[in-house]
Protein chains: 2
Amino acid sequence: MSQSSHASTASTLHEVARIAGVSPSTVSRILNGTARVSDDKRKAVEAAIANLSYKPNLLAQGLKKGRAMTIGILTQDLASPFFTEALMGVEAALAGSGYAPLIVSGHWHADEEAERVELLMARRVDGIVILSGSLSDKQIGRFAERLPIVATGRRIDTGQARGIALDQLEGARLATDYLLELGHRQIAFIAGLPEHDDARARLAGYRAALEAAGIAFNPALVVQGNFQESGGLLAVNELLETRQRFTAIFCANDQTAYGARLALYRRGIRVPDDISIIGFDDLPNSNYTTPPLTTVRQPVYEMGKQAARTVLQLLNGETPTLTQLPLELIMRESARRIL
Amino acid sequence: MSQSSHASTASTLHEVARIAGVSPSTVSRILNGTARVSDDKRKAVEAAIANLSYKPNLLAQGLKKGRAMTIGILTQDLASPFFTEALMGVEAALAGSGYAPLIVSGHWHADEEAERVELLMARRVDGIVILSGSLSDKQIGRFAERLPIVATGRRIDTGQARGIALDQLEGARLATDYLLELGHRQIAFIAGLPEHDDARARLAGYRAALEAAGIAFNPALVVQGNFQESGGLLAVNELLETRQRFTAIFCANDQTAYGARLALYRRGIRVPDDISIIGFDDLPNSNYTTPPLTTVRQPVYEMGKQAARTVLQLLNGETPTLTQLPLELIMRESARRIL
DNA sequence: GTTTAGTATGAAACCGTTTTCAAGATCAAG
DNA sequence: CTTGATCTTGAAAACGGTTTCATACTAAAC
């Protein structure tokens with residue numbers, strides 16, 4: 001018994017025209033400032049608009065103009081602080097541009113991601129920002145035949161596709177070097193998901209730093225995580241059971257570090273007194289863990305911002321100005337000099 | 001020198017019709033299954049669709065049907081885990097419904113929120129979910145004259161507006177009772193922002209529980225926070241300086257608890273051995289703090305889900321089935337019996 | 001006063017769909 | 001065979017805007 005939903009229907013440009021006693025064309029012209037209009041008509045139209053509290057139908061506008069004033073954002077996990085921070089950057093870049101973000105989530109699954117991108121295109125978004133994910137460069141390239149796309153975590157620069165990549169390997173080297181500098185020699189590594197480019201690059205950075213310092217890579221010290229707290233926890237337990245000696249743990253990301261830290265806490269192992277921990281990402285929370293987490297800061301906010309700005313530039317036919325964003329070691333209290 | 005953006009234009013229903021040698025009406029009918037169509041034409045059309053990889057223009061569809069298949073979501077802070085979890089719930093409820101969420105953020109500022117809602121309506125969203133915020137019930141009521149709105153954190157039930165409120169007072173009582181039960185008698189409270197309804201309700205719950213237990217309310221034990229880590233940290237410092245004795249701290253939310261915990265850590269005060277801490281929200285992270293945080297779980301995911309589901313029901317003319325969602329005490333390791 | 005250029009405005013076409021309406025085709029019943 | 005009912009299909013109008021085009025009107029130039 002559908003309570004006859006009394007949705008008072010919105011007013012249209014035609015009504016405004018009728019009330020003001022002018023033609024629709026004139027109203028449109030006034031709205032867009034696309035031609036001069038006599039003062040009296042303008043007054044009348046403005047009065048009518050205020051009166052009806054008329055707001056143009058963005059759907060109709062988008063259809064006619066061929067620009068929906070929307071940027072599609074493909075994220076992977078709404079709950080992950082990493083992605084939300086990037087989202088904040090995107091939001092900031094889009095603010096005031098007239099473009100609204102349409103956010104969809106792919107959940108790290110290539111098929112779902114492709115489907116979501118199709119959805120965005122069906123909604124006729126004007127451009128797309130892809131935050132990481134598992135789509136192949138080729139697929140992205142194909143999508144980019146239709147509209148500008150900026151993807152993070154990859155290096156592409158073809159047609160209307162751009163990539164913004166952070167130097168993960170360098171970041172991992174930064175972290176490892178720091179531990180080495182503090183005197184650590186047995187450094188465990190909790191890896192991310194191997195199908196993940198970034199994860200492999202970080203592992204590579206860890207190895208590279210070790211080798212540069214003349215320390216043999218010990219496979220027994222690297223154990224698989226999953227980029228989540230649970231993986232860090234399990235990994236540390238595993239590590240402890242193998243009875244390998246180590247004085248520091250480098251975690252593939254901060255969430256992993258949180259889990260690792262809890263595992264140590266459970267066994268009464270002190271951080272950083274007994275074991276040092278270093279993370280990767282610098283999530284907002286890492287400033288408030290006990291102890292505050294030493295980590296490698298990824299400028300994800302700036303990355304999101306730059307990605308969105310680049311899409312906007314592509315849309316305006318400008319040549320985008322992509323600058324390499326640096327990773328940075330954030331020294332807090334979870335790692336200390338070995339005695 | 002706008003590099004002639006080669007956006008290969010998307011195919012339209014008319015092209016499909018032309019290629020298949022039928023009228024646009026027929027194509028539309030096949031797409032929507034709105035009438036029977038002879039087998040040969042259907043085959044031809046399906047071939048043409050696959051051939052052109054045609055996807056209907058959702059903008060045009062929305063314009064024509066008067067339904068944009070979009071639900072507007074007004075959130076406050078993309079970075080806050082509280083809101084993102086609600087967002088996840090919304091996403092889950094919308095999945096497979098054909099409706100896409102259009103997420104905008106109001107940043108806790110009533111003016112901005114109103115403006116964002118206007119924007120959503122200009123985009124002709126079919127319904128709106130408002131996650132908390134500072135809009136007055138009256139304003140929401142006015143918006144709800146045009147479309148269905150479900151708002152969390154309030155009790156409204158007028159026309160097309162619905163509210164989903166959690167019993168904050170009860171939650172705070174749960175937490176306080178638990179501490180009392182553990183033998184605590186001097187319980188500090190770090191309050192949220194006073195202009196925030198929930199914050200006041202939680203304070204009231206704390207007082208109610210105290211009084212029910214025959215313990216005099218001590219104003220010196222409640223200190224102002226800001227719902228953020230920084231506020232918790234400052235508040236604990238303040239508390240410690242007043243030299244008031246207390247054995248437990250009840251924090252208005254988990255983020256506050258994180259800050260409080262760090263302040264204690266800095267002074268070498270152990271949790272829970274020296275002081276117990278209890279939070280409110282049960283953010284995902286609270287399972288991985290050291291020690292894991294005892295807290296009151298707010299079912300925000302379910303709340304977001306229910307909110308979105310309710311909008312959908314309102315849209316279909318069904319009478320929504322709103323069930324009160326219970327708060328729940330999550331006992332972890334940050335609070336313990338006093339000796 | 002006629003011609004020219006320029007201005008303000010409205011009519012109508014269009015964006016890509018859906019849907020009403022009417023017509024043509026098919027077929028069973030009489 | 002008609003007749004009427006049923007089914008398939010296309011033409012055209014509509015959704016709410018923008019934009020091209022044409023026109024009536026001024027104002028300037030000769």
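Residue numbering restarts at 1 for every chain, and letters A, B, ... go by the order of the sequence lines. Because the structure is a prediction, the values reported are computed rather than measured.
A salt bridge does not link B:Arg67 with B:Asp126: every distance from a Lys NZ or Arg NE/NH1/NH2 to an Asp or Glu carboxylate oxygen is 4.0 Å or more.
Distance CG (A:Asp40) to P (C:dA8): 12 Å, rounded to an integer number of Å. Taking atom CG of B:Leu59 as the reference point, atom P of C:dT18 lies 13 Å away to the nearest angstrom. In this structure, CZ of A:Arg18 is placed 17 Å from C1' of C:dG10, rounded to the nearest angstrom. Spacing between atom NZ of B:Lys41 and atom C1' of C:dA25 amounts to 11 Å, rounded to whole angstrom units.
The only option from A:Ile71, A:Leu120, A:Leu102 that meets the side-chain contact (heavy atoms from CB on, under 4.5 Å) definition with A:Ile128 turns out to be A:Leu120. If you run side chain to side chain donor-acceptor pair (under 3.5 Å) between A:Arg162 and each of A:Thr152, A:Asp157, A:Thr310, only A:Asp157 comes through. Each of B:Leu74, B:Thr75, B:Val311 was compared with B:Val129 under the side-chain contact (heavy atoms from CB on, under 4.5 Å) criterion, and only B:Val311 meets it. Partner A:Ser134 forms a side chain to side chain donor-acceptor pair (under 3.5 Å) with one of A:Glu113, A:Gln76, A:His107, A:Glu112 and no other, that one being A:Glu113.
Listed for the A:Arg124 side chain is a donor-acceptor partner under 3.5 Å among the backbone atoms of A:Met121.
Within the model, atoms CG of A:Asp197 and CZ of A:Arg155 stand 11.0 Å from one another, a figure rounded to the nearest 0.5 Å.
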#### Entry: Letter per nucleotide, 5' to 3', of nucleotides 13-25 of chain D [B base touched, S only sugar-phosphate touched, - untouched; heavy atoms, 4.0 Å]
-BBBBBBB-----

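Comparing the local axis fitted to the first five base pairs of the helix from C:dG1-D:dC30 to C:dG30-D:dC1 with the one fitted to its last five gives a bend of 60°, rounded to 10°.
Distances shorter than 4.0 Å separate some side-chain N or O of A:Ser38 from OP1 or OP2 on C:dT9.
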Listed pairs under 3.5 Å, donor-acceptor, residues 40-65 of chain A side chains, sequence neighbours left out:
unit_1	atom_1	unit_2	atom_2	d
A:Asp40	OD1	A:Ser38	OG	2.6
A:Asn57	OD1	A:Leu59	N	2.7
A:Asn57	OD1	A:Ala60	N	3.2

